[in-house]
Enquirer: 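To start, I am sharing the structure in question, which I have written as structure tokens.
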Amino acid sequence: MSINLKSLSVLAAGVCVAAFALQANAQEPTRLRQAAEGLFLIGNAAPTRAFSDLIASDILAQDFDRLTCENEMKWDATEPQEGQFRFQQGDTLVEFAQKYNMKVHGHTFLWHSQTPNWVFQGPDGQRASRELVLKRLENHIRNLMTHWKGKIQSWDVCNECFEDNGSPRGFSPWRQAIGEDYMEQAFRIADKVAKELGEEKVLLVYNDFNMYKPGKVQAVVNMVKDFKSKGVRIDAIGMQAHWQSNDDPDIATIEAAFKAYAGTGCKIIISEMDINTRNGFRNSGRGLERDDSVQGNADASADALAKRYKDVFDLFVKYHNDIYAVTLWGIGDSWSWLRGGQPLIFDGNLDPKPCYYSVLESLKKGQKELKK
Ligand code: G3I
């Protein structure tokens with residue numbers, strides 16, 4: 001085999017360019033994933049179609065190191081009929097995550113929404129008994145945890161179980177079927193199954209929206225304390241962070257919630273972040289709801305949204321010791337569930353918006369502080 005000089009010099013130049021790029025990257029991260037290293041995991045939520053879209057998958061692999069299925073690991077997707085499990089869509093995300101060395105978050109076991117009616121129906125067509133519903137919950141959790149054993153690092157065990165004022169969710173079919181201890185039972189089951197599988201390191205998470213509202217903060221803190229006093233494992237608290245661009249909630253309110261949650265010994269996860277920019281509408285966690293009092297939101301392209309993202313990321317960086325991960329709920333604006341809210345850091349064409357760069361700057365600054 002002969003190698004001519006030209007090809008050698010091209011090779012050498014290539015190595016130099018690559019080495020330079022690596023060196024430059026080592027000093028100055030240009031993507032979020034690299035900039036967040038050492039601070040917290042940085043995640044995104046993706047539907048299955050993202051993995052056959054070249055631009056979307058490129059963004060996911062380069063900017064993020066944690067993935068959540070937007071819908072594909074929910075009960076209606078994984079067990080639409082009793083005992084008939086479907087894992088294919090979730091597998092697509094898990095395989096992508098493994099290929100690019102990303103962590104995976106499982107969303108979600110127990111939720112009042114996107115759970116088929118059969119879960120709550122008895123054989124006679126009447127309401128299923130507590131025992132039957134608990135048995136179905138355990139079977140569901142065991143099947144999912146077994147199928148994705150070793151591949152999922154955290155699971156939302158219970159999702160959206162409190163009202164904003166801290167009272168238990170009024171219309172939860174889970175609460176109706178099982179009783180007041182339904183969340184405790186779900187966490188006990190998840191921990192038991194994790195132990196059986198040797199998956200004790202998998203984080204068990206409580207996840208909810210409006211997690212900055214004082215009534216909800218108190219209720220969640222009380223729940224964690226109660227669990228811990230009874231030896232029920234709970235590792236992390238997921239704050240969905242469907243927020244507004246007009247300083248709502250304000251930084252002091254978010255910070256007060258961080259302090260309260262960190263005080264429980266749980267990790268904090270910012271689990272579903274997006275920032276609504278649409279005036280006259282509130283991002284409630286259930287969707288954009290008409291609210292005429294909401295004014296002063298930023299135009300989607302404006303620097304105001306970039307500043308809002310920077311302000312909240314500066315706070316995340318400040319609390320990086322308590323925060324396990326920050327996950328954005330969607331790739332670009334046209335992928336978001338908040339149609340018209342233009343809430344994400346990439347626009348409808350998947351081009352980075354000014355807020356992408358403000359998040360990058362915030363992370364880079366945080367990383368520099370770490371290295372001092
Ligand atoms: O799969 C069907 C499809 O067959 C049908 O043709 C299509 C027609 O509309 O609907 C498809 O289902 C939609 C599903 O997303 C998948 O795209 C549902 O209608 C739609 O309601 C569902 O919305 C999801 C929503 O959860 C459901 O509650 C959003 O994508 C998802 O972003 C959103 O995520 C939730 C979190 O799980 C929990 N926290 C709040 C967050 C925002 O609501």
Side-chain angles (χ1 to χ4, degrees), residues 44-53 67-97 104-152 154-161 169 171-178 182-183 185-187 189-190 192-194 196-197 199 202 204-209 238 240 271-272 285-287 327 329-330 335-337:
N44 208 307
T48 308
R49 69 190 163 96
F51 305 106
S52 51
D53 180 305
L67 285 178
T68 305
C69 278
E70 189 176 359
N71 289 296
E72 294 78 359
M73 288 188 189
K74 292 173 181 173
W75 198 307
D76 61 354
T78 50
E79 194 186 2
Q81 275 96 40
E82 186 160 17
Q84 295 181 19
F85 289 90
R86 293 186 189 165
F87 297 121
Q88 204 183 351
Q89 291 192 313
D91 284 346
T92 304
L93 178 138
V94 169
E95 280 158 23
F96 184 90
V104 178
H105 176 65
H107 174 72
T108 172
F109 291 145
L110 183 154
W111 191 23
H112 63 273
S113 177
Q114 288 177 282
T115 303
N117 288 337
W118 65 257
V119 177
F120 308 105
Q121 275 166 6
D124 49 6
Q126 300 296 304
R127 186 180 289 180
S129 66
R130 167 183 163 100
E131 289 66 35
L132 182 56
V133 175
L134 281 172
K135 197 170 144 230
R136 285 171 172 164
L137 179 63
E138 180 162 339
N139 188 48
H140 185 78
I141 291 178
R142 180 169 287 105
N143 271 278
L144 270 61
M145 279 189 144
T146 304
H147 180 78
W148 284 305
K149 179 169 150 40
K151 298 173 179 169
I152 291 193
S154 50
W155 271 106
D156 286 332
V157 177
C158 292
N159 196 45
E160 301 175 6
C161 298
R169 172 175 279 278
F171 299 103
S172 169
W174 291 104
R175 184 165 159 246
Q176 278 177 346
I178 298 173
Y182 74 106
M183 287 191 272
Q185 293 303 327
F187 275 89
I189 291 169
K192 180 175 93 174
V193 174
E196 282 169 17
L197 295 168
E199 290 266 84
V202 170
L204 305 182
V205 187
Y206 176 74
N207 188 50
D208 208 332
F209 58 86
Q240 292 185 8
S271 54
E272 304 182 10
R286 284 179 288 268
T327 281
W329 202 245
W335 297 65
S336 169
W337 68 296

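Numbers here are sequence positions counted from 1.
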Enquirer: Salt bridge (charged side-chain N to carboxylate O under 4.0 Å, His left out) with Asp208: which residues, sequence neighbours excluded?
Expert: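 Counting only residues at least two positions away or on another chain, Asp208 forms a salt bridge (charged side-chain N to carboxylate O under 4.0 Å, His left out) with Lys216.
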Enquirer: Name all pairs fulfilling the side-chain hydrogen bond (donor to acceptor under 3.5 Å, both in side chains) condition that reach into residues 128-138, sequence neighbours left out, sorted by first residue then second.
Expert: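 Residue pairs passing side-chain hydrogen bond (donor to acceptor under 3.5 Å, both in side chains), neighbours aside: Glu82-Arg136, Arg130-Asp181, Glu138-Arg142, Glu138-Lys192.
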Enquirer: Measure from the ring center of Trp75 to the ring center of His140 and say whether it is less than 6.0 Å.
Expert: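 Ring centres of His140 and Trp75 closer than 6.0 Å.
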Enquirer: With sequence neighbours left out, write down each residue that passes side chain to side chain contact (heavy atoms under 4.5 Å, CB included) with Asn71, or none if nothing qualifies.
Expert: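 Partners of Asn71 under the side chain to side chain contact (heavy atoms under 4.5 Å, CB included) test: Lys74, Gln114.
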Enquirer: Verify the neighbour count for atom CG of Asp124: are there more than 12 heavy atoms of other residues, nucleotides or ligands below 6.0 Å?
Expert: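 Yes, the 6.0 Å shell around CG holds more than 12 heavy atoms from other groups.
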Enquirer: Only pairs at least two apart or in different chains count here, so list each salt bridge (charged side-chain N to carboxylate O under 4.0 Å, His left out) that has a residue in residues 86-95.
Expert: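 Sorted result for residues 86-95: empty, none.
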Enquirer: Heavy-atom distance under 4.5 Å between the side chains of Phe109 and Leu204, does that happen here?
Expert: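 Heavy-atom side-chain distance check fails, nothing below 4.5 Å.
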Enquirer: Among residues at least two apart in sequence or on other chains, which ones pass side-chain hydrogen bond (donor to acceptor under 3.5 Å, both in side chains) with Asp76?
Expert: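 Partners of Asp76 under the side-chain hydrogen bond (donor to acceptor under 3.5 Å, both in side chains) test: none.
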Enquirer: With a 4.5 Å limit on heavy-atom distance, are the side chains of Leu137 and Ile189 in contact?
Expert: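 A side-chain contact under 4.5 Å exists here.
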Enquirer: State, yes or no, whether a side-chain contact exists between Ile152 and Met73 at a heavy-atom distance under 4.5 Å.
Expert: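 A side-chain contact exists here, since the closest heavy-atom pair is under 4.5 Å.
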Enquirer: Do Met145 and Trp155 have side chains that get closer than 4.5 Å, going by heavy atoms?
Expert: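 Heavy-atom side-chain distance check passes, below 4.5 Å.
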Enquirer: Is Asp156 reaching over with its side chain to a backbone N or O of Cys158, donor-acceptor style, under 3.5 angstrom?
Expert: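 Between the backbone of Cys158 and the side chain of Asp156 there is no qualifying donor-acceptor contact (under 3.5 Å).
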Enquirer: Set out, in order, the CA-CA distance, both residues' side-chain angles and the distance that settles side-chain hydrogen bond (donor to acceptor under 3.5 Å, both in side chains) for His105 and Ser154, then state yes or no.
Expert: CA-CA 5 Å; His105 176 65; Ser154 50; 2.8 Å; yes
Enquirer: Return the set of residues passing side-chain hydrogen bond (donor to acceptor under 3.5 Å, both in side chains) with Thr48 (not counting sequence neighbours), or none when no residue passes.
Expert: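 Scan of Thr48 (side-chain hydrogen bond (donor to acceptor under 3.5 Å, both in side chains), adjacent residues dropped) gives Glu72.
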Enquirer: Quick one: list whatever passes side-chain hydrogen bond (donor to acceptor under 3.5 Å, both in side chains) with Trp337, sequence neighbours left out.
Expert: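 Per chain and number, Trp337 pairs via side-chain hydrogen bond (donor to acceptor under 3.5 Å, both in side chains) with Asp274.
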Enquirer: Is Glu199 reaching over with its side chain to a backbone N or O of Gly150, donor-acceptor style, under 3.5 angstrom?
Expert: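 Yes: the side chain of Glu199 pairs with the backbone of Gly150.
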Enquirer: Report the residues that fulfil ring pair (Phe, Tyr, Trp, His ring centres under 6.0 Å) with Trp148, sequence neighbours left out, ordered by chain and then residue number.
Expert: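 Once residues adjacent in sequence are excluded, the partners of Trp148 under the ring pair (Phe, Tyr, Trp, His ring centres under 6.0 Å) criterion are Phe87.
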Enquirer: Residues two or more places apart in sequence or in another chain: which of them pass side chain to side chain contact (heavy atoms under 4.5 Å, CB included) with Ala97?
Expert: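 Side chain to side chain contact (heavy atoms under 4.5 Å, CB included) check on Ala97 returns Leu67, Met102, Val104.
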Enquirer: Mind checking what makes side chain to side chain contact (heavy atoms under 4.5 Å, CB included) contact with Ala177, not counting sequence neighbours?
Expert: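 Testing Ala177 for side chain to side chain contact (heavy atoms under 4.5 Å, CB included), a comparison that skips the adjacent residues, returns Phe120, Val133.
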Enquirer: Which residues pass the ring pair (Phe, Tyr, Trp, His ring centres under 6.0 Å) test with Phe51, sequence neighbours left out?
Expert: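 In terms of ring pair (Phe, Tyr, Trp, His ring centres under 6.0 Å), with neighbours along the sequence ignored, Phe51 is linked to Phe96.
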Enquirer: With a 4.5 Å limit on heavy-atom distance, are the side chains of Tyr182 and Ser172 in contact?
Expert: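 Side chain of Tyr182 against side chain of Ser172, heavy atoms only: contact under 4.5 Å found.
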Enquirer: Considering only heavy atoms from C-beta outward, does the side chain of Tyr206 approach that of Asn159 to under 4.5 Å?
Expert: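 Result no, sub-4.5 Å side-chain heavy-atom pair not found.
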Enquirer: My understanding is that only residues two or more places apart in sequence, or in another chain, count here; which of them pass side-chain hydrogen bond (donor to acceptor under 3.5 Å, both in side chains) with Trp111?
Expert: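 Here the qualifying residues are Glu160.
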